[in-house]
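In what follows, a structure is listed as structure tokens, so that the remarks can point back to it.
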Amino acid sequence: MQVIFSYLPYVLVTTFTPGPNNLMTLYVVSNLGWRRGLRVIFGIAFGFLCVMFSCAIFCHELSIYVPKLVDALKYVGAIYIAWLAIHIAASKPEDTHDGVMTFWSGFILSITNVKVILYLMTLFTAYIIPSGAGFFEILLHGIFIICVSTVSWTMWGLAGGLLQKFLAKYYRPFNIAMGIILLWCAISIFRM
């Protein structure tokens with residue numbers, strides 16, 4: 001339990017600050033509503049779950065290869081985020097339900113999200129594994145992390161849902177702003 005309190009500030013700050021997953025959640029709920037936006041959010045959650053379990057289970061073995069893996073995923077993720085940013089900035093409200101806003105777009109965003117990968121690798125290598133956590137404890141920490149992340153996505157989605165009518169009226173400036181923020185995320189990944 002003490003290890004949770006040692007990493008909780010890191011988890012809260014990293015989980016609730018804007019990043020590709022949170023911005024996408026805000027975007028899809030504000031443009032599609034909860035019902036249609038859930039498919040993208042489920043994709044984000046499933047991608048996060050896959051990355052989290054991969055990091056948790058294989059962190060010791062991957063520590064030798066982490067720099068190479070992070071570098072490769074960093075550029076793949078940045079390219080995908082840039083492509084998504086351009087699509088969002090150029091889209092119209094009726095465009096938001098096309099093939100881009102799917103479970104798989106959320107999944108790909110999440111598994112290529114360098115913020116998530118670095119966040120989880122740091123969490124497991126700096127806090128959880130050094131505390132002597134065994135396999136079962138690592139899984140319990142993973143469940144806790146998923147719970148915190150779900151609260152974050154829900155809050156970002158609620159913000160999108162509450163602002164849905166306002167954002168429908170001002171979709172162009174909002175889409176351009178979201179696209180610029182995502183493009184900034186992609187550029188900052190390349191500059192790492």
Side-chain angles (χ1 to χ4, degrees), residues 3-4 6-28 40-85 87-88 100 102-131 133 135 137-157 178 181-192:
V3 71
I4 289 176
S6 69
Y7 70 65
L8 191 58
Y10 173 67
V11 168
L12 293 176
V13 168
T14 305
T15 303
F16 285 91
T17 54
N21 289 356
N22 290 340
L23 293 174
M24 180 58 80
T25 301
L26 177 118
Y27 173 79
V28 297
V40 179
I41 296 167
F42 285 145
I44 290 169
F46 186 65
F48 183 88
L49 181 73
C50 290
V51 172
M52 195 272 308
F53 279 126
S54 295
C55 287
I57 294 169
F58 299 110
C59 218
H60 289 304
E61 288 77 18
L62 292 178
S63 64
I64 297 168
Y65 305 106
V66 166
K68 293 177 186 176
L69 180 63
V70 171
D71 283 343
L73 287 176
K74 174 169 85 171
Y75 297 115
V76 170
I79 290 167
Y80 179 74
I81 292 168
W83 175 83
L84 202 57
H87 175 80
I88 287 172
V100 172
T102 65
F103 172 90
W104 293 109
S105 63
F107 178 79
I108 292 169
L109 176 67
S110 202
I111 66 167
T112 60
N113 185 343
V114 176
K115 178 184 176 186
V116 168
I117 295 167
L118 292 175
Y119 157 65
L120 291 170
M121 288 175 30
T122 302
L123 187 61
F124 285 112
T125 59
Y127 294 102
I128 297 170
I129 293 172
S131 74
F135 181 75
E137 291 89 2
I138 290 172
L139 291 179
L140 288 177
H141 286 288
I143 291 168
F144 174 74
I145 294 162
I146 289 169
C147 290
V148 172
S149 298
T150 301
V151 170
S152 172
W153 299 322
T154 301
M155 289 181 66
W156 280 87
M178 291 296 102
I181 291 170
L182 283 176
L183 193 58
W184 176 77
C185 289
I187 291 168
S188 66
I189 289 169
F190 275 108
R191 294 173 52 188
M192 288 178 161

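Considering only residues two or more places apart in sequence or on other chains, Phe42 meets the side chain to side chain contact (heavy atoms under 4.5 Å, CB included) condition with Leu38, Phe103. With sequence neighbours left out, Tyr127 forms a side-chain hydrogen bond (donor to acceptor under 3.5 Å, both in side chains) with no residue at all. By the side-chain hydrogen bond (donor to acceptor under 3.5 Å, both in side chains) test, Thr25 pairs with no residue at all, sequence neighbours left out. Partners of Val151 under the side chain to side chain contact (heavy atoms under 4.5 Å, CB included) rule, at least two apart in sequence or in another chain, are Phe16, Met155.
In terms of heavy-atom proximity, Met121 sits nearest to Cys55 at CG-SG, 3.6 Å. Heavy-atom minimum distance, Val28 versus Ile41: CG2-CG1, 4.2 Å.
Atom CG in Leu123 sits 4.0 Å away from atom CD1 in Ile128 (nearest 0.5 Å).
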(request) Would you please test Leu26 and Ile181 for side-chain contact (heavy atoms from CB on, under 4.5 Å) and show each step? (result) CA-CA 12 Å; Leu26 177 118; Ile181 291 170; over 6 Å; no
Would you be so kind as to tabulate the donor-acceptor pairs closer than 3.5 Å made by side chains of residues 43-53, with sequence neighbours excluded?
none

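At distances below 3.5 Å, not a single donor-acceptor pair connects side-chain atoms of Thr15 with backbone N or O atoms of Val148. Between the side chain of Tyr7 and the backbone N or O of Phe124, no donor-acceptor pair lies under 3.5 Å. Listed for the Ser110 side chain is no donor-acceptor partner under 3.5 Å among the backbone atoms of Phe107.
Annotation: side chain of Glu137 is not in contact with side chain of Val3 (no heavy-atom distance under 4.5 Å). In this structure the side chain of Trp184 never reaches within 4.5 angstrom of the side chain of Ile187, judged on heavy atoms.
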